[in-house]
Amino acid sequence: MKRIVAPAGQRTRILRLLSDSIPQTVRFTARRVDGGGPPEGTVEISRTRWFVRQPTEIRPLEPDQAIPKGFADVDYAIDVTPQADTEIVFRTRHFRMSALIWVLVAVVVLSVVSALVVPLLH
């Protein structure tokens, strides 16, 4: 498990994915290092879909975070700005199998269509 300590008041990049078109859900936990209550602060999610930058999404920092990443998110980053020193622990990055299966089906269909059409062109 990846662990990061984000200092109080400082924007910390905790994840950046480039050219990863696999749909998934990024899951992590956040807890104050001093143990004093739930974490406070913000989570900023930056995405570029195909070559178009999307508006930055800002969420409150919570003890358990689940942030989806879509197929078209080719540049994807998560930054955290906590109010107190906070430990971030990544649990997993779960692939969304349904989307992955659709991509694989599309590749197979295109391959079959290509195999049928190309001989007809000669």
Considering all heavy atoms, the nearest [X]-[Y] contact:
X	Y	answer
Phe90	Ile14	CZ-O, 3.4 Å
Asp85	Ala8	OD1-N, 2.8 Å
Pro39	Arg32	CA-CG, 3.9 Å
Thr86	Pro82	OG1-CB, 3.2 Å

Any side-chain heavy-atom pair from [X] and [Y] closer than 4.5 angstrom?
X	Y	result
Phe28	Ile4	no
Leu18	Val74	no
Arg13	Val80	no
Gln65	Thr29	no
Ile78	Val26	yes

How long is the gap from [atom1] on [X] to [atom2] on [Y], to the nearest 0.5 Å?
X	Y	atom1	atom2	answer
Lys69	Thr25	NZ	OG1	10.5 Å
Arg91	Asp64	CZ	CG	5.0 Å
Arg31	Leu61	CZ	CG	13.0 Å
Tyr76	Gln24	OH	CD	7.5 Å

Salt bridge (Lys or Arg N to Asp or Glu O under 4.0 Å) partners of [X], counting only residues at least two apart:
X	answer
Glu57	Arg47, Arg59
Arg16	Asp75
Glu40	none
Arg53	none

Exercise. Got a donor-acceptor contact below 3.5 angstrom from the Glu44 side chain to the Thr42 backbone?
Worked result: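 No, Glu44 side chain to Thr42 backbone: no donor-acceptor pair under 3.5 Å.
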Problem set entry | Contacts of Pro60 that satisfy side chain to side chain contact (heavy atoms under 4.5 Å, CB included) - sequence neighbours left out |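 Listed in chain order: Glu62.
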Problem set entry | Partner residues of Val5 under the side chain to side chain contact (heavy atoms under 4.5 Å, CB included) criterion, sequence neighbours left out |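 For Val5, the residues satisfying side chain to side chain contact (heavy atoms under 4.5 Å, CB included) (neighbours in sequence not counted) are Val33.
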Exercise. Looking at Ile88, Ile58, Asp79, Ile67, which one forms a side-chain contact (heavy atoms from CB on, under 4.5 Å) with Val43?
Worked result: Ile67
Exercise. Can Val105 be reached from Val113 by stepping across I, L, V, M, F, W or Y side chains whose heavy atoms are under 4.5 Å apart?
Worked result: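 Yes; Val105 is reachable from Val113 via cluster members.
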Exercise. According to a 4.5 Å side-chain heavy-atom criterion applied to Ile, Leu, Val, Met, Phe, Trp and Tyr, with indirect links allowed, do Val109 and Val117 form part of one hydrophobic cluster?
Worked result: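 Yes, it is one cluster - the side chains of Val109 and Val117 are joined through contacts under 4.5 Å.
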